[in-house]
S.K.: 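Mind having a look at this structure? Questions to follow.
Every chain is numbered from 1, with letters handed out A, B, ... down the list of sequences.
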Amino acid sequence: MTDLAGPVDEAARALLGALVVRDTASGRRVARIVETEAYGGPEDRASHARFGRTTRNAVMYGPAGRAYVYLVYGLHHCLNVVCGPEGEASAVLIRAVAPLDGVAQMRFRRGRSGGADWRLGAGPARACQALDIDRTLDGIHLLRDARLWLAQPAGHAALLADTEHVVTGPRIGVDYAGPDWATRPWRFGIAAHPSLSRPFPADP
DNA sequence: ATAGGGATTCTC
DNA sequence: AGAATCCCTATT
């Protein structure tokens, strides 16, 4: 698996193209990570760690490779991959995934508006909805747990195809963090991918 | 445009 | 203690 212990922005870039596998009683779902955002420690005014260690964000301070799952706006879940060395807070938010397998189950959980399969995981909360992720998975080992784990596409040395390249932009929804942190280009995506949550500035 | 919804953190 | 805030989505 990709090295997650280094700088969080590098980890966020490196996770693009990796697979998320979710096993439940109703079967297996697989999706490919196509968009991420890096979040740092207390110095990062956009991060959940900006107020230091709390009961909610404690897992961010743990070893790399754990899941940090939280509830946002009272109704949506977001999945993060904890990064960096143990004792330092950082995590990569999974902002969008492209469904690969188990799509029928993802569709079943959707609202009645329907939509193309590509959009089922387009957005941090939709990714969790598609993969049936909630806070019961907070803190699990994403390389060992039987319910949810990260994997590489079989038979691919590189996570990205030759035709794919990475675009960057400012993180979404973090204006409160002040200009320095709000504009930092810590959002990463596979350029022009149909499952992106929304366009990148450089990728119109 | 805005309702929807609840935990978390801040401010007395 | 009460109030404000929040890495969003679906619907109007």
S.K.: Where along residues 88-102 of chain A does a heavy atom fall under 4.0 Å from DNA chain C?
M.R.: Leu93(A), Arg95(A)
S.K.: Sugar-phosphate atoms are those with a prime plus P, OP1 and OP2; base atoms are the rest. Using that split, label each nucleotide of nucleotides 7-12 of chain B B, S or - for protein heavy atoms under 4.0 Å, 5' to 3'.
M.R.: SSSS--
S.K.: So which pairs with a foot in residues 40-62 of chain A pass ring-ring contact (aromatic ring centres under 6.0 Å, His included), sequence neighbours left out?
M.R.: His48(A)-Tyr68(A), His48(A)-Tyr70(A)
S.K.: Can you tell if the side chain of Thr168(A) reaches within under 4.5 Å of the side chain of Asp9(A), non-hydrogen atoms only?
M.R.: no
S.K.: Roughly how many Å is it from CZ in Arg126(A) to P in dT9(C), rounded to a whole number?
M.R.: 6 Å
S.K.: Could you check how far CG of Asn80(A) sits from C1' of dC8(C), rounded to whole Å?
M.R.: 14 Å
S.K.: For the pair made of CD in Gln129(A) and C1' in dG4(B), what is the distance, rounded to whole Å?
M.R.: 14 Å
S.K.: Is NZ or CZ of Arg171(A) both nearer than 6.0 Å to the six-membered ring centre of Tyr39(A) and within 45° of the ring axis?
M.R.: yes
S.K.: Report yes if the side chains of Leu143(A) and Arg66(A) come closer than 4.5 Å at any heavy-atom pair, otherwise no.
M.R.: no
S.K.: Going hydrophobic residue to hydrophobic residue with side-chain gaps under 4.5 angstrom, can you get from Ile172(A) over to Val92(A)?
M.R.: no
S.K.: Who are the salt bridge (Lys or Arg N to Asp or Glu O under 4.0 Å) partners of Arg13(A), not counting sequence neighbours?
M.R.: none
S.K.: For the base of dC6(C), is there a side-chain donor-acceptor partner from Tyr176(A) under 3.5 Å away?
M.R.: no
S.K.: Rounded to whole angstroms, how far apart are CZ on Arg171(A) and P on dC7(C)?
M.R.: 10 Å
S.K.: Can a salt bridge be assigned to the pair Glu43(A) and Arg184(A) using a cut-off of 4.0 Å between side-chain N and carboxylate O?
M.R.: no
S.K.: Using whole Å, what does the distance between atom P of nucleotide dC8(C) and atom OH of Tyr73(A) come to?
M.R.: 5 Å
S.K.: Taking the side chain of Ala125(A) as its heavy atoms from C-beta onward, which of dC6(C), dT9(C), dG5(B) lies nearest to it?
M.R.: dT9(C)
S.K.: Would you mind checking if Arg147(A) and Asp23(A) are paired as a salt bridge, meaning a charged N to carboxylate O distance below 4.0 Å?
M.R.: no
S.K.: Could you verify whether a donor N or O on one side chain and an acceptor N or O on the other, from Thr36(A) and Arg95(A), lie under 3.5 Å apart?
M.R.: no
S.K.: Rounding to a whole Å, what distance do you find between His76(A):NE2 and dT11(C):P?
M.R.: 11 Å
S.K.: Looking at every heavy atom in both Val82(A) and Gly62(A), which two are closest together, and how far apart are they?
M.R.: CG1-O, 3.7 Å
S.K.: For Tyr39(A) and dC7(C), do the ring centres fall under 5.5 Å apart while the planes stay under 30° apart?
M.R.: yes
S.K.: Check for a donor-acceptor pair, side chain of Arg45(A) on one end and backbone N or O of Val174(A) on the other, with a separation under 3.5 Å.
M.R.: no
S.K.: Do the side chain of Arg50(A) and the main chain of Ser47(A) share a donor and acceptor less than 3.5 angstrom apart?
M.R.: yes
S.K.: Between the protein and nucleotides 1-4 of chain C, are there any N/O to N/O pairs under 3.5 Å, and if so, what are the atom names and distances?
M.R.:
none

S.K.: Given atom OH of Tyr70(A) and atom C1' of dG5(B), what is their separation to the nearest angstrom?
M.R.: 16 Å
S.K.: Roughly how far, to the nearest 0.5 Å, is CG of Leu150(A) from CD1 of Ile33(A)?
M.R.: 5.5 Å
S.K.: Only Watson-Crick and G-U wobble pairs, only distances under 3.5 Å, only runs of 3 or more: what stems does that leave for DNA chain C?
M.R.: B:1-4 with C:8-11, B:6-11 with C:1-6
S.K.: Round to a whole Å and report the spacing from NE2 of His77(A) to P of dG6(B).
M.R.: 11 Å
S.K.: Measuring only the P atom in each nucleotide, how far is dT11(B) from dC7(C)? A whole number of Å is fine.
M.R.: 16 Å
S.K.: With the side chain counted from C-beta on, respond yes when Leu4(A) and Val81(A) share a heavy-atom pair under 4.5 Å apart, and no when they do not.
M.R.: yes
